[in-house]
Amino acid sequence: MTEIPLQQHIAPSGESGEQMTVRDLASCPPPDRWNDWVEYDAKAWPRKVEKHYTIIPTICFNCEAACGLMAYVDKETGRVKKFEGNPYHPGSRGRNCAKGPATINQVDDPERILYPLKRAGKRGEGKWERTTWDEVLETFASKIRAAIVEGRRDQVMYHVGRPGHDGYMERVLGAWGVDGHNSHTNVCSSSARFGYQIWCGADRPSPDHANARFILLISSHLETGHYFNPQAQRIIEGKMKGAKLAVMDPRLSNTASMADYWLPTWPGSEAAVLLAMARLILVEKLHNREYMRRWINWQEYLAAEYPNEPQTFDRFIELLIEQYAEYTPAFAAKESGLTEESIIDIARQVGHAGTAFAAHTWRAAAAGNLGGWQVSRALWFLSVLTGSIGTPGGTAPNTWNKFVPAPFIKPSPSEMWNELLFPLEYPLSNYEMSFLLPYFLREGRGKLAAYFTRVYNPVWTNPDGTAWIEMLTNEQQVELHAALTPVWSETAWYADYVLPMGVGSERHDLMSQETHAGRWIGFRQPVLRVYKERNGEPVEYTYQTNPGEVWEEDEFWIELSWRIDPDGSLGIRKYFESPYRPCQKLTIEEYYRWIFENSVPGLPEAAAKEKLSPLEYMRKYGSFEIPQDKVPVFTLNERELKPAELEGAQADEQTGKITRNGTPIGVMIDGKAYEGFPTLSRKLEFYSATMKEWGWPEYTIPSYIRSHVHRANIDHARSEYLLLPTFRLPTLVHTRSGNAKWLYEISNANPVWMHPTDAERIGVRTGDLVRITTEIGYFVNRAWITDGIRPGIVGCSHHLGRWRLSTSQGTDRWASALVELSKANEGTWRMRQLEGTRPFESDDPDSARIFWREGGVHQNLTFPVHPDPVSGMHCWHQKVTVEAAHPEDAYGDVYVDTRKAYKVYKEWLAMTRPQMHRPDGLRRPLWMLRPHRPVASAFKR
Ligand code: SF4
């Protein structure tokens, strides 16, 4: 096999600087042959029949990792034949998970929606008629224009599940002047984000696994969803170079099965274990003293909490050990169920790894528990103690490893504040309190004139999905709803319009993710459009090359914005005019062309070397890694401020904080001015004054909050267990892989994982039906008995259990059961499966070969909302009772009492500490991140 060195634009991996090669790949067409790549037709074997392809790079859209794909367009048919990995993509380097190549299933899915649909009956009745895009655009433009003109901007809302781009929609909503960006973050990652944000001002971690000596992961999430493939391959790279891997997870996940240490903690106890490790590192003097002295805001801590103690670093360390005195290995072992020895062993290995300690947590432990944000906060504490923040082999703030280029004009920030998104009860939430929207509308806090859901399926994904059905079918609360989606979903069923949008190879997007110690951009492109253009056929709109009348969203928003403000009098249109042709409508090619020409350091030069324009370069390769001499990635806090940057600035004598006009811009350390971190102190905030100021004085430093599913709350003698409902399967996407037949062939059931000792106590065996009862209802599923889960806990993957209300529409038949869903007068809902997954006739002969019959059970319907009073995160873990199914139970049964659900919502709401009467009138700390950030004055009530 020929070994092909990657092009210049693939940057060195980590510190070592060694060039990646593609020697491990079975085949890798070199770019100079992408216009005519020849393979033999496998189906013609043993004859050697040549097939000619044009290879066009794009970006996978099946999780947020944004791996590179190469589409093979068959020159004979003009159709995409297959997708493979793009070795020239800096994040994925040619490797993909099963979901990447399965993009071809999504393109060819016989169940996909090809034309815009409008409801013909009542909402949810399932009657649809085909409509035109023109009618869709006019309907929404006039509704939104009226809301803007009449001062009802808070009634326009865009609610996104998987964005798939960086910054595009913030620009659109900013141009409209609405504070209407809603997301799924609070059912996903809010707590993990909050723990990171109060430490360092960035809300995600970026570990450099490939160069680490010790890697500690909290949760299974990494291998199954969050940067699954780019980070997973670097963990293996690190292990091959000698790194040790520890995984804290109550379930034996794929990652845990590859680890040197599997630490099956009781869910919610992780912060106790991490703090015990922190204490041990301090006691045994394994901490990085100099790093801590320079970069922790210890002066602020001593001044605020210990004003009568010597204000010295040595005293700070002594007090730290005293502060964490209760976190002994014995205490952590009692809370978690781990052994003291394992806690001590891992703590020492973390300490010895020093600046090459990499750590990561995202959903799972942080997302499951009340106070889960203390898990990520405690984990970052270990990174701080070892001085491994942003070092080779350490863990950086994500902003150091991500690059979001600026577009040609940016709208001013919104001047309004939407309390449906950021209500007063949750001033510190990360981010919008999206899953509480049905309750807020029910309580009369507002209403929606125009509501877009985009790649978002709250009826199925969110807790208490029946509350979403009730909201979406209430025309007083939601006047007009469009579901922008490439695929049918339970939520689209209740919309007024279902608008088909392109899958990953049918749209433009620009993405960057913190996959490793580097920065890159990935250009998702509509491959058939690019194919036509390569063949000299100009294309005006992407939908002209997509199947049916499938649009791409970028172009939809440009068209809609022009119709909202046709003459420019609202000040909106100017943002959608060409930067190259004054007063003409922006084309999507011009939008990206401008970014590539003006906002990506090093790209114009790299393109010029190949005699290409920057846009041509990105069309050719689909990605670009920013050279580190242009934008460095390590220890950015140590950048010294230049004299010009210090003009008019002042430094605080006690803390060293440098401010200009009251805004922190850097920090003095040992007589030098550094950029520091984007926090109030410009240091790493071990001590958070924000927590005290905003009503949580007991949480000013990393600590341990007992979860709502703490061991003491679970009594097995009463059949009580902890349900772990958060884990992903590596082969599925939440609700968007129902259109990928290969993936469902691999994974088509979500049984309840149960330890043999628990199964014996309950009296069930693998395959038996069990009834799982939550606070508001129950579901019936099959048991799967396994040693791969901690005793006392049952687990159920959150992917499966899709359903539809009509025989042939509503959710892809590859993935769903036909169900009856009925509501009784007293506020209870019942679901019963009428027919599981079945073969069906279609243009794809595989649809007649479906062999799986039970497509899983929808558990989320039976969960009440559990908003964490600080971070706002829905705390997913459930205290449940588990018993053998009742005689009347059937597989897939779901029962929900919405009155109980509302009561639980009120109980958790009562745990908040609203800051209604602050003298400064702020709704939220000014320094905290929030998407689509309004002007500072809007933060005030
Ligand atoms: S990890 Fe898999 S699903 Fe995610 S972007 Fe990469 S190939 Fe696609």
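Remember, it's 1-based here, ligands and their atoms both numbered in the order they're listed.
When heavy-atom distances to ligand 1 are checked against a 4.0 Å cut-off, A66 comes that close only through its backbone atoms N, CA, C and O.
Close approach of ligand 1 to C97 (heavy-atom distance below 4.0 Å) involves ligand atoms 1 (S), 2 (Fe), 3 (S), 7 (S). The distance from ligand 1 to the heavy atoms of F228 drops below 4.0 Å at these ligand atoms: 1 (S). For ligand 1, the atoms lying closer than 4.0 Å to a non-hydrogen atom of N62 are 3 (S). Listed by atom number, the atoms of ligand 1 under 4.0 Å from N229 heavy atoms are 1 (S). For ligand 1 and G100, the ligand atoms under 4.0 Å from any heavy atom of the residue are 7 (S). Against a heavy-atom cut-off of under 4.0 Å, K99 is close to the following atoms of ligand 1: 3 (S).
Classification of E64 and R204 as a salt-bridged pair holds, one side-chain N sitting under 4.0 Å from a carboxylate O. Under 4.0 Å is where a charged nitrogen must lie from a carboxylate oxygen, and between D812 and K741 no such pair does.
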Side chain to side chain contact (heavy atoms under 4.5 Å, CB included) evaluation trace for L743 with K99: CA-CA 7 Å; L743 301 178; K99 293 173 283 190; 3.8 Å; yes
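In this structure, the side chain of R234 engages the main chain of P230 through a donor-acceptor pair within 3.5 Å.
Of the candidates R524, R454, R162, E553 forms a salt bridge (Lys or Arg N to Asp or Glu O under 4.0 Å) with just one, namely R454.
Between W876 and H798, a ring centre-to-centre spacing not shorter than 6.0 Å is recorded.
The closest approach between S92 and ligand 1 stays at or above 4.0 Å for every heavy atom of the residue.
Inclusion of C67 in the first shell of atom 2 (Fe) of ligand 1 is not supported: no N, O or S atom falls under 2.8 Å. Contact annotation: C60 places no N, O or S atom under 2.8 Å from atom 4 (Fe) of ligand 1.
Side-chain contact of N457 with T491: a donor-acceptor pair under 3.5 Å is present, judged by distance alone.
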